[in-house]
Amino acid sequence: MNAVEIESALSDLALQPFDAAEFPFAFLAAFGHKETALKRLRTGNSNTSDVPGGVLQRHYLHMAVCADATVGETLHRLRTSPATPKAKARFLLATDGQTLEAEELASGETIACAYPDFANHFGFFLPLAGISTIKEIKDNPIDVRATGRLNKLYVELLRENPDWATDERRAAMNHFMARLIFCFFAEDTDIFNGEGLFTQTVEQMSERDGSNTHAVLQAIFRAMNLKVAERAHAQPRLPNWANGFPYVNGDLFSGSTEVPRFTRMARSYLIHAGNLNWKRINPDIFGSMIQAVADDAERGALGMHYTSVPNILKVLNPLFLDELRAQLNEAGDNKIKLLNLRKRMARIRMFDPACGSGNFLVIAYKQMREIEAEINRRRSESHLGSEIPLTNFRGIELRDFPAEIARLALIIAEFQCDVLYRGQKDALQDFLPLDAKNWIVCGNALRLDWLSICPPTGTGVKVVADDLFGTPLDQAEIDFENEGGETYICGNPPYLGSTWQTAEQKADLQGVFANRTKSWKSLDYVAGWFMKAADYGTRPLHRSVRIYQLDLSRPASAHFMATDFFQRPRYHLCPHQFQMG
């Protein structure tokens, strides 16, 4: 069981009528405990609880269903029970069907809530499924819940519209999902006029059987691609109820407005997803979780596809954030020094050549905005807009959907930072319409010329590849707003041993290494990124380029790799590791 599946199972359990006799076993089943083990508990063969109404699953949980208004007392009995430490139980839980209380014994952390709300605390219980609890999930479970609902919608839509699952139409399907994500976020953050406008409109204007849901969504998407002044003369005529939506465009709603057909179930999934509080979405981790929705190979591990914020900060802090904070502390209240730091940050370029859905870029942006906000506070200029261009955060991603989600995650992060540091009014004033710029390049990072995507100086950009066939012909070329000062490369590129590489991946490595070494066939796939990074950093125009990368996919051999290109880098190559130091 993964986090998304557990949240879904607990939500279903919380909605069912409370069954005192069955609840302990249904609760454990939600975390993937096998029916054979639950059967032994039901018969009492393995249940060693000494508390009335108690069920004790060794190494996991000691729980009890109790009489009304005795939850606190029952939890105390579970805590003081000799059977609890003997069975090495990790959690205690007591409920009367009205309220629920639980405690994690190792940390002493507790929860207390109304019974129907216990699914909101699913992150607290994830260790019951062998999942190390991630703080971001415990503090803000909306990301997992949103991912689960979107996954159900995605699967149902592809079942009803199998042609949308083909290679020819998969990009259109993924773009449709990105539109939905934006609409869910916009309706909960006042970007749309009135809270819940999108979901309520779909619910009110579409038939319950889902038969015309696609037509309702098409009208909404079309409205957001039409400027208000153009709507009166638009053909075909726009429905009056669609006029409440603002002009958005920014390439998100341009082009085809075709929508897959909905079933009753798909419509229900869409409305359930819209009823979540998307204002609390966390683009730090949501992006990389949602990318698994659109990837058949990754969906089996849905909800586990993210690098936690603390791990990402292990890379970003020593790379450059610690230095910026040190300069901030040194500046104190000196307005000139603070101004110089702000100007420096406006010229920093962040580049992730394996960006996925943009986690590293999003977190770097948010951390820099926090430092900038403190500068503005000390200078009594909190009213100022940010001088850190969002387009300074560049990425390359092979697959189209993660690339689109990366851009969307950065847009959401920018809006959330504006609300936090400037206020809702100013944030809304500058948000719409979206800019059509797309500074996340969808292409093969080992075939593209990195200098053409993120040059260290100047402002011009022209995306090119090492060969004609590798150049993304439809890729927008977005210039930088200001001259470059520093360039930082970070990320977590894919590790793949030589045995498991495809013919195309072998060709990628050949293109990078063929003129350097005869031993390239034995290299891990990640070596290509480090060689490209070395080439990038030794080009003549570079003044300051630093690279940090942390192999977070291999805890046993996790290590930092750093290069200072003021000195000539040294390389060490072996079949499964490529280091620069």
Side-chain angles (χ1 to χ4, degrees), residues 164-175 288 291-301 305 307 351-360 394-407 438 440-454 463-476 489 491-536 547 549 551-554 571 573-578:
W164 284 69
T166 61
D167 291 341
E168 293 76 17
R169 304 205 67 182
R170 183 60 72 99
M173 181 65 181
N174 294 341
H175 190 66
S288 58
Q291 80 180 60
V293 168
D295 192 310
D296 295 334
E298 293 185 1
R299 194 176 295 124
H305 286 259
T307 305
F351 181 39
D352 184 348
C355 72
S357 51
N359 300 51
F360 280 82
R394 303 269 165 143
I396 304 175
E397 168 54 36
L398 182 63
R399 296 166 297 173
D400 64 289
F401 188 53
E404 188 158 15
I405 293 298
R407 177 184 174 233
N438 185 8
I440 304 296
V441 175
C442 183
N444 187 330
L446 298 188
R447 301 293 182 116
L448 292 170
D449 179 3
W450 294 6
L451 279 172
S452 73
I453 296 166
C454 190
V463 178
V464 296
D466 297 334
D467 60 83
L468 175 63
F469 299 103
T471 301
L473 299 180
D474 59 349
Q475 179 65 46
I489 302 178
N492 194 20
Y495 282 72
L496 191 64
S498 58
T499 304
W500 297 276
Q501 293 164 13
T502 65
E504 185 176 357
Q505 289 165 339
K506 288 286 188 187
D508 291 342
L509 289 180
Q510 182 179 16
V512 175
F513 286 102
N515 296 326
R516 307 173 193 265
T517 176
K518 296 179 181 179
S519 304
W520 63 266
K521 290 184 180 179
S522 63
L523 290 173
D524 191 287
Y525 193 45
V526 76
W529 270 263
F530 288 117
M531 196 71 254
K532 294 278 287 189
D535 288 344
Y536 181 92
I547 301 172
Q549 194 275 344
D551 178 1
L552 297 164
S553 63
R554 299 183 177 187
Y571 310 107
L573 286 76
C574 62
H576 299 291
Q577 189 175 7
F578 182 84

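If you read the sequence from its start, that first residue is 1, and numbering goes on from there.
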Check your understanding: Between atom CD1 of I405 and atom CZ of R399, what is the distance when rounded to the nearest 0.5 Å?
Key -> 11.5 Å
**Study point:** Over all atoms of both residues, closest heavy-atom pair of V526 and P493
**Key:** CG2-CG, 3.6 Å
Check your understanding: So do the side chains of F351 and I396 get within less than 4.5 Å of each other, counting heavy atoms only?
Key -> yes
**Study point:** Check: Y536 side chain, C454 main-chain N or O, donor-acceptor pair, under 3.5 Å
**Key:** yes
Exercise for review: Would you mind reporting whether D352 and I489 have side-chain heavy atoms less than 4.5 Å apart?
Suggested key: no
Review point. Taking the side chain as C-beta and beyond, is there a heavy-atom pair between L509 and Q501 under 4.5 Å?
Key: yes
**Study point:** Salt bridge flag under 4.0 Å for residues D508 and R447
**Key:** yes
Exercise for review: Ignoring hydrogens and angles, tell me if any N or O in the side chain of R407 forms a donor-acceptor pair with the backbone of A403 under 3.5 Å.
Suggested key: no
Study note, to complete from the structure: Taken to the nearest 0.5 Å, the spacing of D400 CG from I440 CD1 works out to 13.5 Å
Practice item. Mind listing the closest non-hydrogen atom pair of W500 and Q505 along with its distance? Key: O-OE1, 4.2 Å
Review point. Taking R170 for the side chain and A165 for the main chain, is one N or O donor matched with an acceptor at less than 3.5 Å?
Key: yes
Check your understanding: Closest heavy-atom contact between C355 and E397?
Key -> SG-CB, 3.8 Å
Check your understanding: Can you name the nearest heavy-atom pair linking W164 to R169, along with the distance?
Key -> CZ2-NH2, 3.1 Å
Exercise for review: Can you measure from CG (L496) to OH (Y525) and round to the nearest 0.5 angstrom?
Suggested key: 8.5 Å
Review point. Is E404 reaching over with its side chain to a backbone N or O of A171, donor-acceptor style, under 3.5 angstrom?
Key: no
Practice item. Using modelled atom types only, decide if a donor and an acceptor are shared between the side chain of K506 and the backbone of S498 within a distance under 3.5 Å. Key: yes
Point to revise | Under-4.0 Å salt bridge between D449 and K532 | key: no
Review point. Any idea which heavy atoms bring D524 and G497 closest together, and the distance?
Key: OD2-N, 3.5 Å
**Study point:** Between CG on residue L398 and CD on residue E504, distance to nearest 0.5 Å
**Key:** 7.0 Å
Check your understanding: What is the minimum heavy-atom distance between F513 and A527, and which atoms define it?
Key -> CZ-O, 3.4 Å
**Study point:** Any side-chain heavy-atom pair of W450 and D535 under 4.5 Å
**Key:** no
